Amino acid sequence: MKRRKASALGSLIVIFVLLGGVYGGYKVLHSPEFETNKPVISMPSERFWNSHHPFDVNISDDTGLKKVIAYLSNGKERVKIADIDFKKAPKNYTLKVKYPKIGFEHESDNLLLTVIAQDISKWHFFKGNNSVKKARLKVDTQKPDVFALISSYGITRGGSALAIFKAADANLKDLYIETNFGKRFEPIPFYKEGYYIVLLAWPIKEKRFSAKIVAKDEAGNVSKARLGFFLKSRKYRTSYLQAKDRFINGKIADLAEDEPELTQNLSPTEKLKFINETYRTINDALIKEITSKVDHNRVESFDIRPFYPLKNGKVVGSFGDHRYYWYKDKSNVISESYHLGIDLASIRMDDILISNPGVVVFANYNGIYGNMLSVYHGLGLYTIYGHCSTLLKKRGDLVQAGEPGAKTGATGLALGDHLHFSTLVQGIFVRPAEWMDKKWIQANIIDVIDNAKKMIDK
Ligand SMILES: [Zn+2]
């Protein structure tokens, strides 16, 4: 009897202890002090590294970090590169991984980075939660090999030029042409492995022009090489045009109806300013968008012929013309704009010939340009045909050299039947005169490509 009593008491104690254990366990599991979330070490398991520039590894923990240790090893030796005890238990820490000052005795292109992070949790008998992450570092200290092979002799303000260069690296990541005006031109693979070709443009509104090849590899090594051109400045025309009431109440009023919400409260002269400046900017932005794309198929040659879109077309408006519009009095200038194409006129509804093969990238209405056709000819070169009465092609159509693409008209901001012809290089308006000139094309495009091939084959 006595024994049974004692054993009952014992059982009760056991139950209490167990309950206490369960309760304690419950408390531990649900208290932030005993949280079980491991620190997060953010780094890819493999990366390139030039070993000159430190790189960042972000470490975070929801309760706070206690300790971070990092090692670099080359398979034979191991160097401790970080050993930090935090006093304030930060939730985030950025570890700067630097190449050890003393370095390794054995040079190696392959390093292993080990990062160990511990949080302030009391879990694991007060040891906290540990995270270990390893990353393979491929050391690449070799800069890309870049050099300018050949280019057009010069470039004219508002004009185009060609450059061919070499860029080679085992792990090439980025390759582009950097300019003084912020535009990056994309090069296209040319002829043989490691060679590139690029058409460049000097925007008419930029006073200076300079261009550099920039090559970056996966490890962050960067090489730059200047592309040298003889710079030819060029003066463009300034015109003062009278804005007649007939024009303002006719064409301008009609075009303003394209944007009723933006123009309904404007006076007739304000409408002219809106159409000639704001609407033009909107229409040009669309042109820029459709003409900025570059295909990256390897180029073997570029057999471009002079553009000659209208048979017996007379030039009635020039590229780069800075046009001021005055109203009633010559001193009352109400708007200005740059004319970024040439105007050609012949007979009404004349065939517009697409002189070089290409693909139609736009065939639709575009504000001041009216019904507009745009064709991509490769190498970043586009042509635009504006004010058309009829478009004979649609987007995606292929055009043969010499085929008619549209018929002239007076849609958009045009007073009489004529063609507005623009040429663009990677989204930048350039002088059509160059692309209409056989000698210019021969010297600046065809000969440059032929000479480059000879240099590469040597
Ligand atoms: Zn025009």
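Every number for a ligand or one of its atoms is a count from 1 in the order of the listing. It should be emphasised that the depicted structure is a prediction, and the values quoted were computed from it without experimental measurement.
Judged by the 6.0 Å and 45° rule, Lys453 forms a cation-pi pair with Tyr191.
Taking backbone and side chain together, His387 holds no N, O or S atom under 2.8 Å from the Zn ion (ligand 1). Metal site remark for the Zn ion (ligand 1): His418 contributes no N, O or S atom at a distance under 2.8 Å.
Within Asp343, OD1 is the N, O or S atom that lies nearest to the Zn ion (ligand 1). For the Zn ion (ligand 1), the nearest N, O or S atom contributed by His420 is named ND1.
Between Tyr195 and Phe190, the distance separating the two ring centers is not shorter than 6.0 angstrom. Aromatic ring centres of His420 and Phe319 lie farther apart than the 6.0 Å criterion allows.
Asn37 and Asp62 share a side-chain donor-acceptor pair at under 3.5 Å.
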